[in-house]
**Student:** 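Before we start, here is the structure in question, set down as C-alpha coordinates.
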Amino acid sequence: MPDMVNIVVNGQPVSVPSGTTVAVALLIGGVTHFRTSVAGEPRSPVCGMGTCFECRLTIDGLPHSRSCQIQCAEAMEVVTS
Amino acid sequence: MTQADVLIVGAGPAGIAAAVRATECGKQVTVLDDNLSEGGQIWRGAPLHPATAHASKWLRRLKASGATLIPGCRVVDGDPGSRTLQAETDEAALDLKYDQLILATGARELFLPFPSWTLPNITGVGGIQALVKSGLPVRGKRILVAGSGPLLLAVAGFLRKHGAIVPAIVEQTTLQQLMGFGLSLAGSPGKLFQAASLKASLGATPYWTSSWITKAEGTTRIERVQIRRPAGLQTLDCDALAIAFGLTPNTELASLLGCDLDNGSVAVDDHQRTSRSEILCAGESTGIGGVDLSLIEGEIAGCIAAGRDDLAKRLFPARRRARHFADALKQAFAPRPELRQLPDARTLICRCEDVPFERLQTCASWRAAKLHTRCGMGPCQGRVCGPALHFLFAWAPDSVRPPLFPVRIAALLASSRK
(Lines give C-alpha, C1' and ligand atoms only; values in the text may rest on other atoms or scores of the structure.)
Protein backbone atom coordinates (compact mmCIF):
# COMPACT_ATOMS: atom_id res chain seq x y z
CA MET A 1 0.00 0.00 0.00
CA PRO A 2 1.61 3.29 -1.02
CA ASP A 3 1.78 6.23 1.39
CA MET A 4 -1.27 8.45 1.09
CA VAL A 5 -1.40 12.22 1.03
CA ASN A 6 -4.48 14.29 1.92
CA ILE A 7 -5.47 17.46 0.13
CA VAL A 8 -8.58 19.66 0.14
CA VAL A 9 -10.37 20.31 -3.16
CA ASN A 10 -13.07 23.00 -3.00
CA GLY A 11 -13.45 22.27 0.71
CA GLN A 12 -13.74 18.49 0.24
CA PRO A 13 -11.01 16.08 1.41
CA VAL A 14 -9.32 13.94 -1.25
CA SER A 15 -6.80 11.22 -0.40
CA VAL A 16 -4.38 9.96 -3.07
CA PRO A 17 -1.11 7.98 -3.19
CA SER A 18 1.91 10.20 -2.60
CA GLY A 19 3.62 11.22 -5.81
CA THR A 20 0.26 11.93 -7.47
CA THR A 21 0.04 15.27 -9.26
CA VAL A 22 -2.70 17.72 -8.27
CA ALA A 23 -4.32 17.36 -11.71
CA VAL A 24 -4.59 13.61 -11.29
CA ALA A 25 -5.87 13.95 -7.70
CA LEU A 26 -8.78 16.03 -9.01
CA LEU A 27 -9.54 13.52 -11.76
CA ILE A 28 -9.46 10.71 -9.16
CA GLY A 29 -11.88 12.82 -7.07
CA GLY A 30 -14.26 12.97 -10.06
CA VAL A 31 -13.57 16.62 -10.97
CA THR A 32 -13.49 17.30 -14.72
CA HIS A 33 -14.26 21.04 -14.50
CA PHE A 34 -10.82 22.46 -13.66
CA ARG A 35 -11.16 25.98 -14.98
CA THR A 36 -13.87 28.00 -16.70
CA SER A 37 -12.84 29.35 -20.09
CA VAL A 38 -13.28 32.96 -21.25
CA ALA A 39 -16.59 32.01 -22.89
CA GLY A 40 -17.75 29.96 -19.88
CA GLU A 41 -16.85 26.41 -20.94
CA PRO A 42 -15.56 23.80 -18.48
CA ARG A 43 -11.99 22.63 -19.22
CA SER A 44 -9.81 19.75 -18.02
CA PRO A 45 -6.14 18.80 -18.57
CA VAL A 46 -5.08 18.22 -22.19
CA CYS A 47 -1.31 17.99 -22.61
CA GLY A 48 -0.30 16.56 -19.24
CA MET A 49 3.12 18.21 -19.57
CA GLY A 50 2.66 21.84 -18.60
CA THR A 51 2.24 23.37 -22.05
CA CYS A 52 -1.49 23.91 -22.59
CA PHE A 53 -2.41 25.62 -19.29
CA GLU A 54 -5.91 24.03 -19.33
CA CYS A 55 -5.32 22.39 -15.92
CA ARG A 56 -4.62 25.61 -14.09
CA LEU A 57 -6.06 26.01 -10.60
CA THR A 58 -5.59 28.04 -7.47
CA ILE A 59 -3.23 26.01 -5.28
CA ASP A 60 -2.51 27.22 -1.74
CA GLY A 61 -3.76 30.65 -2.75
CA LEU A 62 -1.60 30.94 -5.88
CA PRO A 63 -3.83 31.33 -8.95
CA HIS A 64 -2.96 29.96 -12.43
CA SER A 65 -0.89 27.10 -11.03
CA ARG A 66 -0.41 24.31 -13.58
CA SER A 67 -1.79 21.38 -11.61
CA CYS A 68 -0.22 18.72 -13.88
CA GLN A 69 3.26 19.94 -12.92
CA ILE A 70 2.71 20.03 -9.13
CA GLN A 71 2.68 17.05 -6.79
CA CYS A 72 0.17 16.87 -3.95
CA ALA A 73 1.50 17.89 -0.54
CA GLU A 74 -0.20 17.21 2.80
CA ALA A 75 -3.04 19.68 3.56
CA MET A 76 -2.68 21.44 0.20
CA GLU A 77 -5.73 23.57 -0.60
CA VAL A 78 -6.98 23.52 -4.17
CA VAL A 79 -9.76 25.65 -5.63
CA THR A 80 -11.20 25.27 -9.13
CA SER A 81 -12.49 28.37 -10.92
CA MET B 1 24.01 33.87 -10.19
CA THR B 2 25.26 30.46 -11.26
CA GLN B 3 27.90 29.91 -13.90
CA ALA B 4 28.22 26.76 -16.00
CA ASP B 5 30.68 25.79 -18.72
CA VAL B 6 27.76 24.07 -20.42
CA LEU B 7 24.15 24.93 -19.60
CA ILE B 8 21.53 22.52 -20.93
CA VAL B 9 17.83 23.32 -21.16
CA GLY B 10 15.81 20.12 -21.08
CA ALA B 11 16.52 16.84 -19.27
CA GLY B 12 14.96 14.47 -21.78
CA PRO B 13 17.08 11.96 -23.74
CA ALA B 14 18.94 14.64 -25.76
CA GLY B 15 19.70 16.80 -22.71
CA ILE B 16 20.77 13.78 -20.64
CA ALA B 17 23.09 12.47 -23.38
CA ALA B 18 24.58 15.96 -23.82
CA ALA B 19 25.14 16.33 -20.07
CA VAL B 20 26.77 12.90 -19.78
CA ARG B 21 29.17 13.50 -22.66
CA ALA B 22 30.08 17.07 -21.69
CA THR B 23 30.85 16.08 -18.07
CA GLU B 24 32.86 13.07 -19.27
CA CYS B 25 34.93 15.59 -21.24
CA GLY B 26 35.64 17.45 -18.01
CA LYS B 27 33.14 20.28 -18.28
CA GLN B 28 31.05 21.66 -15.45
CA VAL B 29 27.43 21.18 -16.53
CA THR B 30 24.04 22.40 -15.30
CA VAL B 31 20.77 20.92 -16.63
CA LEU B 32 17.38 22.62 -16.22
CA ASP B 33 13.98 21.08 -16.74
CA ASP B 34 10.44 22.40 -16.48
CA ASN B 35 9.25 19.00 -15.22
CA LEU B 36 9.49 17.68 -11.68
CA SER B 37 12.01 15.00 -12.60
CA GLU B 38 14.48 14.18 -15.34
CA GLY B 39 13.70 11.88 -18.28
CA GLY B 40 11.58 14.14 -20.45
CA GLN B 41 8.20 12.98 -21.68
CA ILE B 42 9.36 9.61 -23.02
CA TRP B 43 11.25 8.58 -19.87
CA ARG B 44 8.89 10.37 -17.49
CA GLY B 45 9.58 8.72 -14.17
CA ALA B 46 7.06 8.13 -11.44
CA PRO B 47 7.02 5.94 -8.33
CA LEU B 48 4.64 3.40 -9.88
CA HIS B 49 6.31 3.36 -13.29
CA PRO B 50 9.91 2.20 -13.19
CA ALA B 51 12.05 3.20 -16.15
CA THR B 52 12.89 0.76 -18.95
CA ALA B 53 16.37 -0.79 -19.01
CA HIS B 54 17.49 1.61 -21.75
CA ALA B 55 16.21 4.65 -19.86
CA SER B 56 17.69 3.44 -16.55
CA LYS B 57 21.11 3.14 -18.14
CA TRP B 58 21.09 6.79 -19.22
CA LEU B 59 19.47 8.05 -16.00
CA ARG B 60 22.20 6.25 -14.01
CA ARG B 61 24.91 7.77 -16.21
CA LEU B 62 23.39 11.22 -15.63
CA LYS B 63 23.34 10.71 -11.86
CA ALA B 64 26.94 9.50 -11.89
CA SER B 65 28.09 12.35 -14.16
CA GLY B 66 28.13 15.04 -11.49
CA ALA B 67 26.04 17.41 -13.60
CA THR B 68 23.87 19.78 -11.53
CA LEU B 69 20.18 19.15 -12.15
CA ILE B 70 17.56 21.85 -11.50
CA PRO B 71 14.05 20.38 -11.93
CA GLY B 72 10.81 22.40 -11.87
CA CYS B 73 12.66 25.27 -13.55
CA ARG B 74 11.08 27.48 -16.22
CA VAL B 75 13.22 29.65 -18.48
CA VAL B 76 11.42 32.97 -18.89
CA ASP B 77 13.96 35.12 -20.72
CA GLY B 78 17.51 35.19 -22.01
CA ASP B 79 20.21 37.59 -23.09
CA PRO B 80 22.57 35.96 -25.61
CA GLY B 81 24.90 39.00 -25.47
CA SER B 82 25.83 38.37 -21.83
CA ARG B 83 25.22 34.61 -22.20
CA THR B 84 22.61 34.58 -19.45
CA LEU B 85 19.22 32.92 -19.02
CA GLN B 86 16.59 34.08 -16.54
CA ALA B 87 14.58 31.28 -14.99
CA GLU B 88 12.33 30.64 -12.04
CA THR B 89 11.54 27.73 -9.77
CA ASP B 90 8.75 27.69 -7.21
CA GLU B 91 11.24 28.97 -4.65
CA ALA B 92 13.49 31.37 -6.49
CA ALA B 93 14.36 33.48 -9.50
CA LEU B 94 17.62 32.35 -11.10
CA ASP B 95 20.17 34.02 -13.35
CA LEU B 96 22.20 31.39 -15.14
CA LYS B 97 25.40 32.24 -17.00
CA TYR B 98 26.94 29.90 -19.51
CA ASP B 99 29.85 29.59 -21.87
CA GLN B 100 28.05 27.11 -24.18
CA LEU B 101 24.28 26.63 -24.19
CA ILE B 102 22.60 23.43 -25.42
CA LEU B 103 18.87 23.64 -26.13
CA ALA B 104 17.20 20.25 -25.75
CA THR B 105 13.69 21.60 -25.36
CA GLY B 106 11.99 18.63 -27.04
CA ALA B 107 8.57 18.67 -28.59
CA ARG B 108 4.91 18.92 -27.74
CA GLU B 109 1.91 17.25 -29.32
CA LEU B 110 0.27 18.64 -32.43
CA PHE B 111 -3.43 19.27 -31.82
CA LEU B 112 -5.75 19.91 -34.78
CA PRO B 113 -9.13 21.42 -33.88
CA PHE B 114 -12.46 19.72 -34.61
CA PRO B 115 -15.97 20.53 -33.30
CA SER B 116 -16.19 20.29 -29.47
CA TRP B 117 -12.55 19.29 -29.03
CA THR B 118 -12.48 21.48 -25.93
CA LEU B 119 -14.80 19.17 -23.93
CA PRO B 120 -13.35 17.78 -20.69
CA ASN B 121 -11.75 14.30 -20.88
CA ILE B 122 -10.27 14.97 -24.31
CA THR B 123 -6.50 14.84 -23.90
CA GLY B 124 -3.41 14.40 -25.98
CA VAL B 125 -2.11 10.90 -26.69
CA GLY B 126 1.13 11.52 -24.85
CA GLY B 127 -1.09 13.62 -22.57
CA ILE B 128 -3.13 10.68 -21.27
CA GLN B 129 0.07 8.65 -20.87
CA ALA B 130 1.62 11.42 -18.78
CA LEU B 131 -1.50 11.58 -16.59
CA VAL B 132 -1.53 7.80 -16.08
CA LYS B 133 2.16 7.87 -15.18
CA SER B 134 1.30 10.62 -12.67
CA GLY B 135 -1.17 8.27 -10.97
CA LEU B 136 -4.43 8.39 -12.96
CA PRO B 137 -6.23 5.02 -12.79
CA VAL B 138 -7.89 4.02 -16.09
CA ARG B 139 -9.08 0.48 -15.32
CA GLY B 140 -12.40 -0.21 -17.02
CA LYS B 141 -12.51 3.19 -18.78
CA ARG B 142 -13.34 3.28 -22.49
CA ILE B 143 -10.59 5.41 -24.01
CA LEU B 144 -10.52 5.97 -27.75
CA VAL B 145 -7.05 6.67 -29.18
CA ALA B 146 -6.96 8.79 -32.34
CA GLY B 147 -4.95 11.14 -34.54
CA SER B 148 -1.75 9.99 -36.20
CA GLY B 149 1.66 8.47 -35.61
CA PRO B 150 3.39 5.52 -33.96
CA LEU B 151 2.62 6.95 -30.50
CA LEU B 152 -1.04 5.95 -30.99
CA LEU B 153 -0.05 2.27 -30.96
CA ALA B 154 2.35 2.60 -28.05
CA VAL B 155 -0.16 4.49 -25.91
CA ALA B 156 -3.06 2.18 -26.79
CA GLY B 157 -0.90 -0.75 -25.63
CA PHE B 158 0.07 1.18 -22.48
CA LEU B 159 -3.57 1.99 -21.65
CA ARG B 160 -4.64 -1.64 -22.15
CA LYS B 161 -1.83 -2.76 -19.85
CA HIS B 162 -3.34 -0.46 -17.22
CA GLY B 163 -6.78 -2.01 -17.61
CA ALA B 164 -8.42 0.48 -19.96
CA ILE B 165 -10.72 -0.62 -22.77
CA VAL B 166 -9.49 0.80 -26.08
CA PRO B 167 -12.45 0.37 -28.46
CA ALA B 168 -10.34 1.36 -31.48
CA ILE B 169 -7.25 3.17 -32.68
CA VAL B 170 -8.23 5.77 -35.29
CA GLU B 171 -5.31 6.63 -37.62
CA GLN B 172 -5.72 9.26 -40.34
CA THR B 173 -2.97 8.05 -42.62
CA THR B 174 -3.48 5.34 -45.24
CA LEU B 175 -2.61 1.66 -44.96
CA GLN B 176 -0.39 2.14 -48.01
CA GLN B 177 1.65 4.85 -46.24
CA LEU B 178 1.93 2.63 -43.17
CA MET B 179 3.22 -0.28 -45.24
CA GLY B 180 5.84 2.00 -46.73
CA PHE B 181 6.83 3.08 -43.23
CA GLY B 182 7.08 -0.57 -42.14
CA LEU B 183 9.38 -1.35 -45.06
CA SER B 184 11.57 1.62 -44.29
CA LEU B 185 12.12 0.11 -40.83
CA ALA B 186 13.48 -3.10 -42.34
CA GLY B 187 16.96 -1.60 -41.99
CA SER B 188 16.43 -1.02 -38.24
CA PRO B 189 15.96 -4.39 -36.48
CA GLY B 190 15.47 -2.67 -33.09
CA LYS B 191 12.54 -0.69 -34.43
CA LEU B 192 11.04 -3.82 -36.01
CA PHE B 193 11.25 -5.63 -32.68
CA GLN B 194 9.43 -2.71 -31.03
CA ALA B 195 6.72 -2.95 -33.66
CA ALA B 196 6.32 -6.71 -33.08
CA SER B 197 6.09 -6.45 -29.28
CA LEU B 198 3.62 -3.58 -29.71
CA LYS B 199 1.36 -5.77 -31.80
CA ALA B 200 1.29 -8.31 -28.97
CA SER B 201 0.28 -5.66 -26.41
CA LEU B 202 -2.56 -4.46 -28.62
CA GLY B 203 -4.38 -7.81 -28.74
CA ALA B 204 -7.49 -7.58 -30.87
CA THR B 205 -7.83 -3.76 -30.71
CA PRO B 206 -9.08 -2.60 -34.13
CA TYR B 207 -6.67 -0.31 -35.98
CA TRP B 208 -8.67 1.85 -38.37
CA THR B 209 -6.59 3.60 -41.02
CA SER B 210 -7.75 6.40 -43.37
CA SER B 211 -10.09 7.36 -40.51
CA TRP B 212 -10.44 10.42 -38.31
CA ILE B 213 -12.64 12.02 -35.65
CA THR B 214 -15.06 14.55 -37.18
CA LYS B 215 -16.66 15.77 -33.94
CA ALA B 216 -17.00 15.12 -30.23
CA GLU B 217 -20.29 15.25 -28.35
CA GLY B 218 -21.25 15.51 -24.69
CA THR B 219 -22.61 17.96 -22.11
CA THR B 220 -20.18 18.32 -19.21
CA ARG B 221 -17.56 15.96 -20.69
CA ILE B 222 -17.04 13.89 -23.84
CA GLU B 223 -19.59 11.09 -24.22
CA ARG B 224 -19.22 10.03 -27.86
CA VAL B 225 -17.43 10.82 -31.09
CA GLN B 226 -18.27 10.76 -34.75
CA ILE B 227 -15.67 9.01 -36.90
CA ARG B 228 -15.16 9.30 -40.66
CA ARG B 229 -14.17 5.90 -42.02
CA PRO B 230 -13.73 4.88 -45.65
CA ALA B 231 -17.17 3.20 -45.53
CA GLY B 232 -18.90 6.26 -44.03
CA LEU B 233 -19.64 8.00 -40.72
CA GLN B 234 -19.98 6.08 -37.48
CA THR B 235 -20.50 7.06 -33.84
CA LEU B 236 -18.79 5.50 -30.84
CA ASP B 237 -19.36 5.99 -27.09
CA CYS B 238 -16.34 6.64 -24.88
CA ASP B 239 -15.31 7.94 -21.44
CA ALA B 240 -12.29 9.74 -22.83
CA LEU B 241 -10.60 10.55 -26.11
CA ALA B 242 -6.83 10.72 -26.50
CA ILE B 243 -6.00 12.52 -29.74
CA ALA B 244 -2.93 14.12 -31.31
CA PHE B 245 -1.36 14.29 -34.76
CA GLY B 246 2.24 13.60 -33.90
CA LEU B 247 4.71 16.03 -32.39
CA THR B 248 5.82 19.57 -33.10
CA PRO B 249 9.23 20.96 -32.00
CA ASN B 250 9.53 23.39 -29.08
CA THR B 251 11.40 26.29 -30.69
CA GLU B 252 10.28 29.28 -28.57
CA LEU B 253 13.46 29.65 -26.51
CA ALA B 254 15.68 29.22 -29.58
CA SER B 255 13.69 31.91 -31.42
CA LEU B 256 13.84 34.27 -28.47
CA LEU B 257 17.64 33.91 -28.38
CA GLY B 258 17.87 34.70 -32.11
CA CYS B 259 18.56 31.22 -33.50
CA ASP B 260 17.29 30.65 -37.05
CA LEU B 261 14.48 28.19 -37.67
CA ASP B 262 14.12 25.99 -40.72
CA ASN B 263 10.65 24.73 -41.57
CA GLY B 264 9.46 24.87 -37.96
CA SER B 265 12.56 23.29 -36.41
CA VAL B 266 15.72 24.84 -34.99
CA ALA B 267 18.30 24.97 -37.79
CA VAL B 268 21.63 23.30 -36.90
CA ASP B 269 24.85 22.40 -38.70
CA ASP B 270 26.73 19.07 -38.58
CA HIS B 271 28.03 20.04 -35.13
CA GLN B 272 24.50 20.68 -33.80
CA ARG B 273 25.37 24.39 -33.66
CA THR B 274 22.57 26.86 -34.33
CA SER B 275 22.99 30.10 -36.28
CA ARG B 276 24.37 31.55 -33.01
CA SER B 277 27.63 29.68 -32.58
CA GLU B 278 27.62 29.55 -28.75
CA ILE B 279 24.17 27.93 -28.79
CA LEU B 280 23.70 24.27 -29.79
CA CYS B 281 20.49 22.36 -30.21
CA ALA B 282 19.79 18.61 -30.04
CA GLY B 283 16.82 16.25 -30.10
CA GLU B 284 13.24 16.80 -31.18
CA SER B 285 13.58 20.61 -31.28
CA THR B 286 15.79 20.18 -34.39
CA GLY B 287 13.05 18.06 -36.05
CA ILE B 288 10.98 15.09 -34.89
CA GLY B 289 13.09 11.94 -35.10
CA GLY B 290 12.49 9.77 -32.04
CA VAL B 291 14.56 8.81 -29.03
CA ASP B 292 17.51 7.19 -30.84
CA LEU B 293 18.20 10.28 -32.92
CA SER B 294 17.72 12.50 -29.85
CA LEU B 295 20.34 10.56 -27.89
CA ILE B 296 22.89 10.69 -30.72
CA GLU B 297 22.33 14.40 -31.34
CA GLY B 298 22.63 15.00 -27.59
CA GLU B 299 25.89 13.10 -27.42
CA ILE B 300 27.27 15.04 -30.39
CA ALA B 301 26.20 18.38 -28.88
CA GLY B 302 27.77 17.45 -25.53
CA CYS B 303 31.10 16.58 -27.16
CA ILE B 304 31.11 19.69 -29.36
CA ALA B 305 30.24 22.00 -26.46
CA ALA B 306 33.20 20.48 -24.60
CA GLY B 307 35.51 21.17 -27.55
CA ARG B 308 35.90 17.49 -28.47
CA ASP B 309 34.97 17.58 -32.16
CA ASP B 310 37.01 14.38 -32.65
CA LEU B 311 34.68 12.39 -30.38
CA ALA B 312 31.59 13.94 -31.95
CA LYS B 313 32.63 12.99 -35.47
CA ARG B 314 32.63 9.27 -34.61
CA LEU B 315 28.87 9.57 -34.00
CA PHE B 316 28.03 11.11 -37.39
CA PRO B 317 27.34 7.75 -39.16
CA ALA B 318 24.92 6.66 -36.40
CA ARG B 319 23.13 10.00 -36.67
CA ARG B 320 22.80 9.57 -40.42
CA ARG B 321 21.13 6.16 -39.92
CA ALA B 322 18.75 7.50 -37.25
CA ARG B 323 17.71 10.31 -39.59
CA HIS B 324 16.34 7.76 -42.08
CA PHE B 325 13.74 6.85 -39.47
CA ALA B 326 12.90 10.53 -38.98
CA ASP B 327 12.37 11.04 -42.71
CA ALA B 328 10.19 7.94 -43.00
CA LEU B 329 8.14 9.06 -39.99
CA LYS B 330 7.49 12.49 -41.42
CA GLN B 331 6.37 11.11 -44.75
CA ALA B 332 4.16 8.33 -43.41
CA PHE B 333 2.14 10.36 -40.92
CA ALA B 334 1.80 13.80 -42.54
CA PRO B 335 -1.72 15.07 -41.72
CA ARG B 336 -4.05 14.83 -44.72
CA PRO B 337 -5.60 18.01 -46.24
CA GLU B 338 -9.16 16.88 -45.35
CA LEU B 339 -8.36 17.66 -41.71
CA ARG B 340 -8.40 21.36 -42.64
CA GLN B 341 -12.13 21.03 -43.26
CA LEU B 342 -12.88 19.78 -39.74
CA PRO B 343 -13.47 23.04 -37.82
CA ASP B 344 -16.91 24.56 -38.26
CA ALA B 345 -17.59 28.31 -37.84
CA ARG B 346 -17.88 28.05 -34.05
CA THR B 347 -15.05 25.57 -33.38
CA LEU B 348 -12.61 27.22 -31.00
CA ILE B 349 -9.08 27.39 -32.40
CA CYS B 350 -7.43 29.32 -29.55
CA ARG B 351 -8.44 27.56 -26.33
CA CYS B 352 -6.97 30.21 -24.03
CA GLU B 353 -8.92 33.15 -25.49
CA ASP B 354 -11.81 31.11 -26.96
CA VAL B 355 -11.38 32.41 -30.52
CA PRO B 356 -13.67 30.60 -32.99
CA PHE B 357 -12.65 29.59 -36.53
CA GLU B 358 -15.02 32.10 -38.18
CA ARG B 359 -13.24 35.08 -36.57
CA LEU B 360 -9.89 33.89 -37.92
CA GLN B 361 -11.03 33.25 -41.49
CA THR B 362 -11.11 36.98 -42.20
CA CYS B 363 -7.57 37.59 -40.87
CA ALA B 364 -4.55 37.78 -43.18
CA SER B 365 -1.87 36.64 -40.73
CA TRP B 366 -1.32 35.50 -37.18
CA ARG B 367 -0.24 39.06 -36.31
CA ALA B 368 -3.56 40.39 -37.63
CA ALA B 369 -5.42 37.66 -35.75
CA LYS B 370 -3.64 38.62 -32.54
CA LEU B 371 -4.54 42.27 -32.96
CA HIS B 372 -8.19 41.61 -33.82
CA THR B 373 -9.05 38.52 -31.79
CA ARG B 374 -6.32 37.93 -29.13
CA CYS B 375 -5.71 34.53 -30.77
CA GLY B 376 -2.53 33.03 -29.30
CA MET B 377 -2.21 35.66 -26.57
CA GLY B 378 -3.42 33.64 -23.58
CA PRO B 379 -1.32 31.78 -20.99
CA CYS B 380 -0.06 29.08 -23.41
CA GLN B 381 1.14 31.88 -25.71
CA GLY B 382 0.17 30.09 -28.90
CA ARG B 383 1.86 26.78 -28.05
CA VAL B 384 -1.39 24.91 -28.78
CA CYS B 385 -3.03 27.03 -31.50
CA GLY B 386 0.19 28.12 -33.25
CA PRO B 387 0.95 24.80 -34.97
CA ALA B 388 -2.78 24.40 -35.76
CA LEU B 389 -2.84 27.86 -37.37
CA HIS B 390 0.19 26.88 -39.42
CA PHE B 391 -1.65 23.78 -40.65
CA LEU B 392 -5.01 25.50 -41.23
CA PHE B 393 -3.90 28.81 -42.74
CA ALA B 394 -0.16 28.35 -43.41
CA TRP B 395 0.45 31.25 -41.02
CA ALA B 396 4.05 31.61 -39.90
CA PRO B 397 4.68 31.96 -36.17
CA ASP B 398 4.81 35.52 -34.92
CA SER B 399 7.92 36.85 -33.15
CA VAL B 400 8.60 35.36 -29.71
CA ARG B 401 8.77 37.80 -26.83
CA PRO B 402 9.65 37.45 -23.16
CA PRO B 403 8.48 36.21 -20.77
CA LEU B 404 8.39 32.76 -22.43
CA PHE B 405 6.07 31.54 -19.68
CA PRO B 406 3.68 33.45 -17.47
CA VAL B 407 5.91 34.48 -14.59
CA ARG B 408 5.29 35.89 -11.13
CA ILE B 409 6.03 39.61 -10.80
CA ALA B 410 8.16 38.77 -7.77
CA ALA B 411 10.42 36.58 -9.91
CA LEU B 412 10.77 39.33 -12.52
CA LEU B 413 11.67 41.86 -9.84
CA ALA B 414 14.17 39.51 -8.25
CA SER B 415 16.01 39.01 -11.52
CA SER B 416 19.23 40.98 -11.70
CA ARG B 417 18.37 42.18 -15.21
CA LYS B 418 15.71 44.81 -14.68
Side-chain angles (χ1 to χ4, degrees), chain A residues 1-7 14-73 76 80-81, chain B residues 34-37 40-41 44-49 72 74 90 106-109 111 116-138 219-222 240 242-244 250 348 350-356 374 378-381 383-384 405-406 408:
Chain A
M1 195 58 194
D3 289 344
M4 301 300 279
V5 56
N6 303 291
I7 67 168
V14 175
S15 184
V16 293
S18 70
T20 304
T21 58
V22 177
V24 167
L26 264 70
L27 293 170
I28 289 174
V31 177
T32 53
H33 186 157
F34 277 57
R35 74 171 188 102
T36 304
S37 79
V38 174
E41 288 187 356
R43 296 287 168 80
S44 71
V46 175
C47 77
M49 53 182 264
T51 320
C52 74
F53 286 77
E54 289 288 26
C55 69
R56 60 193 199 268
L57 300 167
T58 300
I59 300 178
D60 284 340
L62 194 64
H64 306 298
S65 299
R66 292 175 298 166
S67 62
C68 75
Q69 295 294 89
I70 298 172
Q71 283 183 352
C72 293
M76 195 177 246
T80 62
S81 58
Chain B
D34 180 28
N35 292 279
L36 296 167
S37 59
Q41 300 309 319
R44 176 182 284 267
L48 300 172
H49 298 273
R74 300 165 286 278
D90 286 340
R108 56 182 180 265
E109 292 192 272
F111 298 114
S116 298
W117 71 300
T118 54
L119 278 170
N121 286 3
I122 300 178
T123 66
V125 176
I128 189 93
Q129 188 175 36
L131 291 168
V132 172
K133 284 186 176 181
S134 306
L136 181 68
V138 291
T219 47
T220 58
R221 60 166 186 81
I222 185 171
I243 183 166
N250 289 327
L348 299 180
C350 170
R351 303 174 66 113
C352 292
E353 298 289 340
D354 283 359
V355 184
R374 289 197 52 79
C380 97
Q381 298 187 284
R383 283 178 172 83
V384 175
F405 271 101
R408 290 197 293 275

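First the proteins, then the strands, lettered A, B, ... as listed; each starts at 1.
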**Student:** SG/B/C352 to CZ/A/R56 distance, rounded to the nearest 0.5 angstrom?
**Tutor:**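 If I round to the nearest 0.5 Å, the distance is 6.0 Å.
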**Student:** Ignoring hydrogens, what is the shortest heavy-atom contact between A/G48 and B/A130? Give both atom names and the distance.
**Tutor:** O-CB, 3.5 Å
**Student:** If we only count heavy atoms from C-beta on, is the B/P137 to A/I28 side-chain gap below 4.5 Å?
**Tutor:** yes
**Student:** Mind listing the closest non-hydrogen atom pair of A/S44 and B/P120 along with its distance?
**Tutor:** OG-CA, 3.2 Å
**Student:** Can you tell if the side chain of A/V38 reaches within under 4.5 Å of the side chain of B/R374, non-hydrogen atoms only?
**Tutor:** no
**Student:** So how far is it from A/T21 OG1 to B/L36 CG, rounded to the nearest 0.5 Å?
**Tutor:** 8.5 Å
**Student:** Report the distance from atom OG1 of A/T32 to atom CD1 of B/I122, rounding to the nearest 0.5 Å.
**Tutor:** 11.5 Å
**Student:** With chain A as the partner, which of B/G126, B/P379, B/P406 has the greatest number of non-hydrogen pairs under 4.5 Å?
**Tutor:**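 Among the listed options, the one with the most contacts to chain A is B/P379.
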**Student:** State the CD-CZ distance between A/E54 and B/R351, to the nearest 0.5 angstrom.
**Tutor:**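 Those atoms lie 4.0 Å apart.
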**Student:** At what distance, to the nearest 0.5 angstrom, does CG of B/D90 lie from OG of A/S65?
**Tutor:** 8.0 Å
**Student:** State the CD-CG distance between A/Q69 and B/D34, to the nearest 0.5 angstrom.
**Tutor:**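 Atom-to-atom, A/Q69:CD and B/D34:CG are 5.0 Å apart.
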**Student:** With a 4.5 Å cut-off on side-chain heavy atoms, are A/C52 and B/F111 touching?
**Tutor:** no
**Student:** For the interface with chain B, which of A/I70, A/V46, A/T51 has the highest count of heavy-atom pairs at distances below 4.5 Å?
**Tutor:**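 Of A/I70, A/V46, A/T51, A/V46 has the most heavy-atom pairs under 4.5 Å with chain B.
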**Student:** Ignoring hydrogens and geometry, is there a side-chain-to-backbone donor-acceptor pair from B/R108 to A/C47 under 3.5 Å?
**Tutor:** no
**Student:** Top residue by heavy-atom pair count (under 4.5 Å) with chain A, among B/L119, B/L131, B/V125, B/I243?
**Tutor:** B/L131
